[in-house]
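All of these numbers come straight from a predicted model, not from anything done at the bench. Whatever order the structure lists them in is the order used to number ligands and atoms, beginning at 1. For this chain, numbers begin at 1 and follow the sequence in order.
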Amino acid sequence: MKITIEKDEHAFDVAAAWRIIGQMLKKPEAVIGLSTGQTTGGMHEVVSQIYKSYPFDVSKVTVFNVDELTNLDRSYSGSCYTMIYEQLVRNLRIPEENFIMPPTLSDDFERECEIFESKLEARGGVDLQMLGIGFNGHIGINQPGTPFESTTWVSPMDPIFEARVRKETGVGPDYPLGGLTRGIKNIMHTRHLILVAKGEHKADIIEEALFGPVTTDMPASVVQLHPHCEVLLDAAAASKILNRI
Ligand code: GLP
């Protein structure tokens, strides 16, 4: 596990953006997994700005997001499809067929999980996954307790995120919400993993995930076992680990 610490949020966004662009340049037919949330919006913006100034060939690049909300319309501004489309896919004009996302609405999500995985498999598997971390250590939407053997499935959301989605969409407490997420096993099968975190509010969870025991109670701790994992942090997110590296 290689740990990179950038001096501030902007330097973090730029470094992360270059990891994404670097993968696209190195392998024009690369399959790249993205992650939504406050951590990744800035890096997607930098990728878009660099592309606008110095366009490069993305006609064969495949992108997808590691997870997606279920039972809400895709047009909801918080759907992963819409976020990734607006933050990156639209700006780089990535061909529609190369933006692979499960639907948000379906009467057979088990099947949708299989289809999602088989599409990624058909393109040779995933080269790079940019992976956010939740306040409770979740990766994708795999909450604490998820087995490391889990494969793409529909998981409950964490309660704080779920409350925000319910508020934003106005759906009642009994309406079933969840998230289709690549399982921990699928994430671990990615060739190159980059765990990203910024901000002081992530400092404790980063310390626990990287230096605590590898346990399903802390899903992100599994990255300690990945043979090609980089952890990319800003100084604030790294503030609790400085004496351990
Ligand atoms: C959501 C996403 C995760 C992401 C996490 C972190 O739960 N489904 O994939 O890693 O948020 O979000 P943030 O970057 O806003 O802290």
Side-chain angles (χ1 to χ4, degrees), residues 6 9 12-13 15-17 19-20 32-46 63-72 74 76-88 100-102 104 109 113 116 126 128-146 150 152-169 177-184 186-188 190 193-210 218-223 226 229-234 236-238:
E6 296 294 340
E9 185 174 352
F12 166 89
D13 289 342
R19 299 297 191 280
I20 298 171
I32 301 177
L34 301 167
S35 197
T36 50
Q38 284 164 4
T39 310
T40 53
M43 69 179 76
H44 297 159
E45 198 181 324
V46 176
V63 297
F64 67 93
N65 197 60
V66 67
D67 50 36
E68 179 56 292
L69 309 182
T70 53
N71 293 334
L72 290 166
R74 215 179 217 185
Y76 162 48
S77 61
S79 82
C80 298
Y81 178 92
T82 295
M83 289 177 79
I84 296 295
Y85 178 75
E86 289 182 351
Q87 292 174 5
L88 203 130
I100 297 185
M101 287 296 288
T104 54
F109 278 114
C113 291
F116 185 41
V126 181
L128 170 68
Q129 175 69 60
M130 304 300 288
L131 193 61
I133 174 170
F135 73 93
N136 61 356
H138 70 251
I139 49 175
I141 308 185
N142 299 288
Q143 304 301 329
T146 307
S150 59
T152 301
W153 67 302
V154 175
S155 163
M157 297 170 178
D158 72 72
I160 296 177
F161 184 64
E162 183 173 330
R164 199 181 88 204
V165 173
R166 286 192 189 280
K167 195 168 165 212
E168 284 178 8
T169 57
L177 285 181
L180 191 159
T181 179
R182 297 196 85 212
I184 293 180
N186 308 90
I187 291 171
M188 287 296 279
T190 305
L193 209 55
I194 304 185
L195 184 76
V196 287
K198 66 180 178 186
E200 210 184 329
H201 63 296
K202 292 282 171 77
D204 286 326
I205 207 73
I206 281 295
E207 181 185 24
E208 209 179 324
L210 304 189
M218 173 56 56
S221 66
V222 76
V223 307
H226 194 284
C229 176
E230 179 183 11
V231 181
L232 180 60
L233 308 168
D234 72 350

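- Distance from atom 12 (O) of ligand 1 to its nearest protein heavy atom, with residue and atom name: Gly37 CA, 4.0 Å.
- Ranking protein heavy atoms by distance to atom 4 (C) of ligand 1, first place goes to Thr36 O, 3.5 Å.
- The ring-ring contact (aromatic ring centres under 6.0 Å, His included) search around Tyr81 returns Phe99, not counting sequence neighbours.
- Of the protein's heavy atoms, Lys202 NZ, 2.6 Å lies nearest to atom 16 (O) of ligand 1.
- For atom 14 (O) of ligand 1, the nearest protein heavy atom (residue, atom name, distance) is Thr39 OG1, 2.4 Å.
- Among Gly132, Gly134, Gly140, the residue whose heavy atom lies nearest to atom 3 (C) of ligand 1 is Gly140.
- No donor-acceptor pair under 3.5 Å is formed between the side chain of Asn65 and the backbone N or O of Cys80.
- By the criterion of a heavy-atom distance under 4.0 Å, the side chain of His138, and not its backbone, is placed next to ligand 1.
- Looking only at protein heavy atoms, the nearest one to atom 15 (O) of ligand 1 is Gln38 N, 2.7 Å.
- Listed by atom number, the atoms of ligand 1 under 4.0 Å from Ser35 heavy atoms are 9 (O), 10 (O).
- With respect to Leu232, the side-chain contact (heavy atoms from CB on, under 4.5 Å) criterion is satisfied by exactly one of Lys198, Met43, Arg19: Arg19.
- Counting heavy atoms closer than 4.0 Å to ligand 1, residue Asp67 contributes side-chain atoms (C-beta onward) but none from N, CA, C or O.
- Backbone and side-chain nitrogen or oxygen atoms of Asp158 are examined, and none is located within less than 3.5 angstrom of a nitrogen or oxygen of ligand 1.
- Under 4.0 Å from ligand 1, the heavy atoms of Ile133 that appear belong solely to its backbone.
- How far CG of Leu88 is from CE of Met83: 12.0 Å, rounded to the nearest 0.5 Å.
- Residues Val222 and Ile139 meet the side-chain proximity criterion, which asks for heavy atoms closer than 4.5 Å.
- Per-residue contacts place Ile141 under 4.0 angstrom from the following atoms of ligand 1 (heavy atoms of the residue considered): 8 (N).
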